[in-house]
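Here is the structure we will look at.
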Amino acid sequence: MLVKVQQEDFDPMAEMAAFPADAIAGAGGSVTFIGTVRDYSEATDILAMEIEHYPGMTERELERISAEAARRYDILDSLIMHRYGRLAPQDNIVMVAVWSRHRAAAFDACRFLIDVLKTSAPFWKKEITPEGARWVTDCPGCRAGSREGHTHAPHVSHSHTQLK
Amino acid sequence: MLVKVQQEDFDPMAEMAAFPADAIAGAGGSVTFIGTVRDYSEATDILAMEIEHYPGMTERELERISAEAARRYDILDSLIMHRYGRLAPQDNIVMVAVWSRHRAAAFDACRFLIDVLKTSAPFWKKEITPEGARWVTDCPGCRAGSREGHTHAPHVSHSHTQLK
Amino acid sequence: MIHVKFFASVRERIGIGEISLPMPEGGATVADVLALAEDEAGVVLQGAHLLAAVNLRHVPFSDVVRDGDEVAFFPPVTGG
Amino acid sequence: MIHVKFFASVRERIGIGEISLPMPEGGATVADVLALAEDEAGVVLQGAHLLAAVNLRHVPFSDVVRDGDEVAFFPPVTGG
């Protein structure tokens, strides 16, 4: 498993091509999620996106969920890349690639990784709009990609109430 | 939606980068499945893979399932590429890319497309092994990517019994 | 005429890639077309796992064919 | 000492990125550490949606901290 957290842009296919070949020998396929900066948000234009992160914890958390995916699913290996710093609309933010012998495991693991990443990896987005800057404050479960109901990831507890 | 059936190799990310930008404006992400030629099959080495197809019907069928995916899922657009002819181990055979505003739809649609493609698009694989050439004859449902039980795609009927 | 095509292992077994057959008087189903082509080839595809398409669409063997149709027979697909 | 870090909107609200606090005698939970840091900053993060981590791991606010720990507070994450 490989985790990269960096400011620079990345080329998803070049990263996949550079992945250690022996780790994914026998793969029948790969599933890749690429997340990009949207150019709108609740009826406002987005000029840029600033991503803050918690150095050290981000890598640790991404490695933890990669290991968890390898335990849960019959995959050969995985790659997670995530950027921080100032990004422009259309820029790549994140990619998750998973290789497996049989594609069902790669689909399941890729989806698991991006879902869990979004609720547990310490990154925070700040949208720069014509009206100013504002933190993206959605509750993480609400951003889990579905319009239907959701539950919060059980491994992350956070308080929605007063702390004192 | 875009469908390409070709003999030449392809670069998945270059194909995605070349996809009409206005069709996928507003995308929050993409999900891509890339299928490659395995180098083994039931304890036999694979030297090459020959893919026969039904020209005309392949394109038509891939367009049909692309339209079906667009009806079923809230996606922005999709791209399917599939090769035919003689391929070497590790070569790309197929790619399915789906763009959507919210990632759940892209995951669902990508998986739908590759599952249905494998049971309905008229391609046939012949493995070239040290012992000779042989057609891959798996029942399509059995190749649907899961080790668990499966059902055949309801839109494709085929007979497992004597015809006369 | 009915334009009949065979693909992959089915093409190899029947020994014919394409053949045109006169449209049977009184009509014909896809299954009838297969039987006519088997007679022509002198080969019976007994027990084969077969799919059929008419004019590039998957169809059941019970579908009726029309003069000028392209009817194809092939094994379960193994692409992707 | 306890090494406390704040991130994103929580860092902006409390006005502190990092602060080191003496380890309280008699022990402390993560919630206690937050209260101590709030006292230090003169800011109360009332009603905030907060996550906490100790030594780079997500933890509940009831966890006990040890001398030398790095304790971080931040809003629900919004990466990906």
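Just so we're on the same page: letters track the sequence lines, and every chain starts at 1.
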Pairwise side-chain contact, A:Trp135 with D:Glu12, heavy-atom cut-off 4.5 Å (strictly under): yes

Rounded distance [0.5 Å steps], NZ in A:Lys126 versus OG1 in D:Thr78: 11.5 Å

Smallest separation among heavy atoms of D:Val77 and A:Leu117, with atom names: CG2-O, 4.4 Å

Toward chain D, the part of A:Ile93 with a non-hydrogen atom under 4.5 Å: side chain

D:Asn55 side, atom CG; A:Arg60 side, atom CZ - distance, nearest 0.5 Å: 9.0 Å

Side-chain donor/acceptor of A:Trp124 to backbone N/O of D:Ser9, under 3.5 Å: no

From D:Phe74 atom CZ to A:Met57 atom CE, the distance as rounded to the nearest 0.5 Å: 4.0 Å

A:Glu61 and D:His58, any side-chain heavy atoms less than 4.5 Å apart: yes

Segment of D:Arg57 engaging chain A (4.5 angstrom heavy-atom cut-off): both

Sequence neighbours excluded, every pair satisfying salt bridge (Lys or Arg N to Asp or Glu O under 4.0 Å) that has a member inside residues 63-80 of chain D: D:Lys5-D:Glu70

